[in-house]
Every structure is written in C-alpha cells, then in structure tokens.
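These numbers come from the heavy atoms of this one structure, side chains and all, not from hydrogens, waters or symmetry mates.
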Amino acid sequence: MNFTTKSGIALLYNEETNNTYDVCLKLTKEVLTIQKLDVVCTSGSESQVNHRTVVLRRQATGGLGLSIKVSSIQLDMNVACFIYMRLSFISLYHSQSLPLAICINLSRSRQVHLLRTAGDEVTITVRYLREVPSFLKLPLGSPGPDHSRVSSPLFDSGVHLNGNGNNTAPSPPSPSANEPKYEKRWLDAVSLPLLMARVSRYKAGKDKLRFNCFEVFALDGASTNILQFCTAAESTDWLQAISTNINDLTQENVSIVHMGWACECPEGSAPGRSSTFKFLALRGPYFYIFKSPPISAADWGQAETTYNLYEVLFKVHKLWMAEDCWLQARLYLGLEHSPEQDTESLCFSILVGHGQSHTFRVELATDLAIWEKSFQRAVFLEVQRIQSKSYMCSSQGNVLCFTIDFASGFTCSESTSKTILWRYKFSQLKGSSDDGKTRVKLLFKNPESKQIEMKELEFANLTAVLHCIHSFIAAKVASMDPLFMCSQSFLGNYTNS
C-alpha cells in the first residue's frame with residue numbers, strides 16, 4: 001500500500017450560493033478533512049451571546065468609523081452587509097478582532113444614505129457570523145502585539161461613510177486583562193471517510209468536464225462541494241493523491257483483485273439517458289456491477305449485474321494523442337486536456353455475451369491503467385483456478401462438446417460417448433472467422449501434414465465462447481512471461497482457496 005498524506009490551500013465553490021472561499025485541505029490515510037477559517041477565543045471570558053446592541057456616536061473626524069463590504073453570501077436575509085471596525089470604533093474596542101455584521105434588507109446605497117443622515121447617534125444590533133472570516137480572507141495569527149490602539153486585522157478600506165478613507169481617531173482605553181483575546185484559526189468543517197469514496201471532475205448529469213477542480217463523494221453520499229485549484233498541475237496532484245488513498249483502502253481485502261467507482265456511459269445516443277456512477281468489483285470468478293458498494297457479505301448477492309470473468313473481454317478506448325511526446329506525457333498526467341477527452345479518452349468497455357457491452361469512464365489515466373492490469377490479473381487467476389471450460393455445440397447436425405483446457409488446448413468430443421474427435425494445442429490455432437451470430441470457423445495447423453485444417457462449429461452464445469478462448473490463450477501467454485508471473489505473488493493463496 002502506498003498511502004499519501006498531504007495538506008494545502010484550495011478554493012471551495014458552492015453551486016447553490018455561487019460563492020468561493022479559501023479552505024485548508026488535510027489528507028490522511030482514511031480521511032479528507034476540509035478546514036474553514038474561523039475566529040476563536042484564546043484567553044479571557046468569551047460571551048455566549050453572538051449578537052449585541054451598540055450605540056455609535058459620530059465623531060468630528062472619522063464619522064461613525066464604519067466600512068461596508070457587500071457580500072453575495074445568502075444566509076437568512078436577502079442581503080448581508082459585513083461591517084467591521086476602524087480606528088474610531090471606540091465603543092467596541094473589546095471586540096477588535098471579531099467580525100461584525102449588520103443585516104439589512106436594503107440596497108447598499110440605501111444603507112449608506114441612512115447611516116449618513118441618521119444624526120449624531122446611531123443604535124445598531126451587530127452579530128457574529130462564521131462565514132465572515134473566510135469571506136474576508138483573514139490572515140492567520142493574533143491581532144498583533146500593539147494593543148495600545150485598535151489595530152484590527154479585519155481593516156479594509158471599502159466605502160467609508162464620511163467620504164474620507166484616511167481619517168484617524170483617538171485611541172480607546174486599553175482592554176483589561178480579563179477581556180477575551182481572539183485568533184484566526186483553521187477549524188475542521190467537513191471530514192469525509194475515503195473508504196469506497198469516489199471523485200469526479202464532471203458536472204453531475206451533464207458529462208461536462210470541469211477544469212482544475214473536482215468533487216469528492218463519501219460512501220454515504222456526503223460531498224466536499226467543488227474544490228478548485230489555481231493550476232492543472234495542482235488539481236491533478238490532489239486528485240491523484242486522493243484517488244491513491246481511496247484505491248489502497250478499497251483494495252485492503254486480499255480476496256478482491258480490484259474494485260472502485262467508474263461512470264457508466266449510455267450506449268449510443270439513447271434519449272433521456274445520462275451517465276451514472278457504478279461501483280465495479282473484480283472478485284473471485286465474477287465481475288460485479290453495483291449501484292452502491294457492497295458493505296456486508298449479503299450485499300455481494302445484490303449486484304445489479306454479474307459476469308463470468310473468463311467470458312468477459314476488456315477493451316480500452318483509443319486515447320487521443322498528439323505527435324508531441326511531451327504533450328502526450330502531460331495528457332497522461334492530467335496537465336493538459338484533449339479536444340476529445342469528454343467523450344473517448346479515459347474510457348474502457350466490458351464486452352460480454354450476446355454482443356452486449358458496458359462502457360465506463362474513469363477520472364485519471366492511472367485509473368485506466370489500474371483497471372486494465374487488474375482485469376488481466378483477475379482473468380489469469382480465474383483461468384488458473386478452473387483450468388478448463390466446456391461448451392455444448394453442433395457440427396453437421398451432430399451434438400458435440402467443445403473443451404478449452406489450459407494444459408492441453410482445444411478438444412472436441414461426442415456429447416454422449418465422450419469419444420474425442422480432434423485435439424489441437426493453443427499454438428496450432430492460426431486464425432478464425434465467424435458470422436457474428438452463432439457460427440465460427442477455427443483454422444488449425446496440422447503438425448504432421450503442415451496443412452491448415454478448418455473446423456466449423458455452432459454455439460448458442462458464440463460471443464461468450466470466443467471471449468473464453470481469448471482468456472485462456474492470454475493466460476497461457478502470460479504464464480510464459482517471467483515478469484508477469486513474478487508480479488503474481490499471491491497466486492498460490494488464491495488458487496488454493
């Protein structure tokens with residue numbers, strides 16, 4: 001296992017409110033944690049009331065000392081205007097590092113007009129909002145060592161009600177030792193378990209690729225919302241790290257060759273059908289397709305579809321590649337995007353019996369490579385386990401039994417008497433052709449006469465038989481590859497189980 005730990009800054013985008021703000025990401029072996037910036041009390045006694053009524057007195061210089069910053073963050077009002085202190089905010093010196101908010105269901109210009117014409121004394125109700133620190137992109141750390149004057153890190157020029165952004169005011173009295181002190185800190189907001197989680201760079205239901213961003217979904221459906229990054233390299237780095245941990249956690253069960261999420265693409269241009277995420281698994285003799293991951297032993301019997309591995313053909317779709325080899329490498333790493341990436345690249349198909357198929361899309365080229373190698377391994381292990389497979393067929397009106405054997409090759413015998421009619425090794429098969437329905441012609445080379453002999457057979461499920469022949473021949477070739485065999489360190493445990 002090669003788990004990755006990582007931390008860094010990203011933008012979190014909320015599609016409902018159309019807002020983005022900085023978050024801190026922390027990736028561990030089992031959890032992705034999203035932290036949001038907040039203000040915490042580090043010493044002193046903190047009031048439990050998150051709102052208070054204050055009286056502002058207009059100064060000869062500096063006015064009310066307010067600066068208004070308008071936000072599109074929607075809470076429980078139509079318009080939220082964040083208002084925070086300046087130096088002349090004498091009556092609120094004890095709250096120097098707390099964001100303040102006035103919630104007024106009025107336009108910004110109307111608010112400015114009302115406050116300018118409100119007279120020398122204004123009574124307002126302010127309250128603390130958790131969204132303010134992230135919205136204002138506050139720096140971390142304490143307000144500063146100089147407490148002789150109100151030097152708030154929340155200062156922003158904004159729109160000053162007195163029309164002068166350079167006014168100063170007398171310093172307020174120093175706060176007492178019992179007054180609370182505050183700091184800006186990253187606090188955990190969301191923790192997503194990565195076991196059987198999935199990631200997606202596509203907009204839900206639209207199959208439209210998002211650039212430099214993705215979303216992470218936990219097993220229970222919880223989501224990070226959309227994580228945005230400044231560059232494609234940074235986005236790919238995080239996507240790769242999260243995907244690696246998800247895959248490694250999922251594969252900790254040694255009886256499973258591989259399993260994980262993939263997006264199933266509708267065949268052709270079927271109206272009303274959109275891509276849907278499916279959970280795929282290569283376990284024992286079967287390839288499983290689930291709507292949701294199997295948690296208990298009973299869940300493995302609730303798969304949407306199962307197929308015999310030796311009757312399944314795995315096919316990688318053609319990747320779009322340019323002549324520039326450096327661009328090819330960047331495409332593989334996810335640092336560039338090809339014109340055809342939305343439809344063809346990073347896809348594979350599962351061809352099954354009776355001409356049926358499933359097409360799946362993954363998020364990374366490394367995911368595609370993992371699925372391809374996993375299918376090769378799973379099919380090899382299953383062929384090693386069963387050793388032979390027989391199918392009923394017919395030839396010239398006679399009912400026969402066609403057997404594919406890992407050790408001896410191809411054998412055809414009478415179904416009742418079991419008399420062997422002919423036998424050939426895998427190496428003697430020189431070609432084949434079929435009508436796409438039920439009939440196939442197999443061309444074998446006679447070792448004695450050196451002549452090509454043709455055997456025509458008819459099967460009820462021709463596609464399954466051809467896929468089985470392919471699986472056995474591929475397994476036979478792989479068994480002669482020392483590098484492949486060395487990689488199958490768990491082969492003995494599997495075949496003996």
Side-chain angles (χ1 to χ4, degrees), residues 2-38 71-73 131 133-140 184-194 197-204 206-218 222-249 260-261 263 277 326-339 341-342 345-346 361-368 370:
N2 188 26
F3 292 102
T4 302
T5 58
K6 187 177 177 64
S7 62
I9 303 297
L11 281 174
L12 188 65
Y13 174 69
N14 190 311
E15 288 184 304
E16 294 180 358
T17 62
N18 199 31
N19 292 313
T20 59
Y21 49 90
D22 289 337
V23 293
C24 180
L25 303 181
K26 288 192 173 183
L27 177 65
T28 63
K29 171 185 174 181
E30 298 178 340
V31 176
L32 173 65
T33 301
I34 298 178
Q35 296 181 320
K36 296 182 180 180
L37 196 59
D38 205 347
S71 166
S72 60
I73 296 178
E131 288 79 5
S134 296
F135 171 71
L136 294 178
K137 303 184 186 303
L138 305 181
L140 294 176
K184 276 67 64 181
R185 291 183 181 176
W186 293 109
L187 300 182
D188 292 353
V190 177
S191 293
L192 283 180
L194 297 179
R198 64 179 175 90
V199 293
S200 177
R201 294 182 298 159
Y202 291 80
K203 291 184 177 180
K206 296 183 180 180
D207 294 335
K208 186 176 181 181
L209 183 67
R210 299 187 183 104
F211 295 111
N212 301 347
C213 56
F214 58 84
E215 202 166 356
V216 184
F217 297 87
S223 167
T224 58
N225 284 326
I226 300 169
L227 298 173
Q228 295 182 339
F229 299 87
C230 296
T231 64
E234 187 179 9
S235 175
T236 301
D237 190 32
W238 271 101
L239 182 61
Q240 184 70 67
I242 295 172
S243 297
T244 296
N245 286 13
I246 291 175
N247 286 334
D248 287 350
L249 279 173
W261 289 97
C263 186
F277 277 92
W326 292 106
L327 179 58
Q328 293 180 23
R330 290 174 65 82
L331 280 168
Y332 182 84
L333 294 172
L335 304 183
E336 297 285 349
H337 302 281
S338 73
Q341 189 167 352
D342 286 354
S345 66
L346 306 185
R361 183 186 66 231
V362 293
E363 299 297 324
L364 293 169
T366 50
D367 294 336
L368 191 63
I370 289 174

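- Between the side chains of Ser223 and Glu215, a donor-acceptor pair is found at a separation under 3.5 Å.
- Note: Thr5 OG1 to Lys26 NZ = 11.5 Å, rounded to the nearest 0.5 Å.
- For the atom pair Trp238 CH2 and Leu25 CG, the distance stands at 4.5 Å (nearest 0.5 Å).
- Remark: of the listed residues Asn245, Ile246, Leu239, Thr244, Ile246 is the sole one forming a side chain to side chain contact (heavy atoms under 4.5 Å, CB included) with Ile242.
- Here the SG-CG distance, from Cys213 to Leu227, works out to 8.5 Å after rounding to the nearest 0.5 Å.
- Of all heavy-atom pairs between Ala197 and Ala218, the closest is CB-CA, 4.1 Å.
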Q | Pair Leu249-Glu30, side chain to side chain contact (heavy atoms under 4.5 Å, CB included): steps then yes or no | A | CA-CA 7 Å; Leu249 279 173; Glu30 298 178 340; 3.9 Å; yes
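- Atom CG of Asn212 and atom OG1 of Thr236 lie 7.5 Å apart (nearest 0.5 Å).
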(Q) Walk me through whether Arg361 and Tyr202 qualify under side chain to side chain contact (heavy atoms under 4.5 Å, CB included). (A) CA-CA 11 Å; Arg361 183 186 66 231; Tyr202 291 80; 3.3 Å; yes
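- The line from CG of Leu194 to NZ of Lys29 is 11.5 Å long, rounded to the nearest 0.5 Å.
- Phe214 is linked by a ring-ring contact (aromatic ring centres under 6.0 Å, His included) to Phe229, counting only residues two or more places apart in sequence or in another chain.
- No side-chain heavy atom of Val23 sits less than 4.5 Å from a side-chain heavy atom of Gln35.
- No cation-pi contact links Arg210 to Tyr13, judged by a cut-off of 6.0 Å to the six-membered ring centre and 45° from its axis.
- Residue pairs meeting the salt bridge (Lys or Arg N to Asp or Glu O under 4.0 Å) criterion with at least one partner in residues 5-14, sequence neighbours excluded, are Lys6-Asp237.
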Q.
If you apply the rule side chain to side chain contact (heavy atoms under 4.5 Å, CB included), what do you find for Leu37 with Lys184, and how did you get there?
A. CA-CA 7 Å; Leu37 196 59; Lys184 276 67 64 181; 4.2 Å; yes
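- Rounded to the nearest 0.5 angstrom, Asn19 CG and Leu11 CG are separated by 11.5 Å.
- The side-chain heavy atoms of Ile226 and Leu12, taken from C-beta on, include no pair separated by under 4.5 Å.
- Evaluation of the side-chain contact (heavy atoms from CB on, under 4.5 Å) rule for Val190 yields Ile34, Leu192 as partners, not counting sequence neighbours.
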Q | Intermediate values then yes/no, side chain to side chain donor-acceptor pair (under 3.5 Å), Ser243 and Glu363 | A | CA-CA 9 Å; Ser243 297; Glu363 299 297 324; over 6 Å; no
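- A donor-acceptor pair is defined here as one N or O able to donate and one able to accept, closer than 3.5 Å; no such pair exists between the side chain of Ser191 and the backbone of Thr33.
- Both tests pass for Arg198 against the ring of Phe277: distance under 6.0 Å to the centre and angle within 45° of the axis.
- A donor-acceptor contact closer than 3.5 angstrom is absent between the side chains of Thr20 and Gln228.
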Q: In sequence, state the C-alpha distance, the side-chain angles, and the governing distance for Ile9 and Cys24, and then conclude on side chain to side chain contact (heavy atoms under 4.5 Å, CB included).
A: CA-CA 5 Å; Ile9 303 297; Cys24 180; 4.1 Å; yes
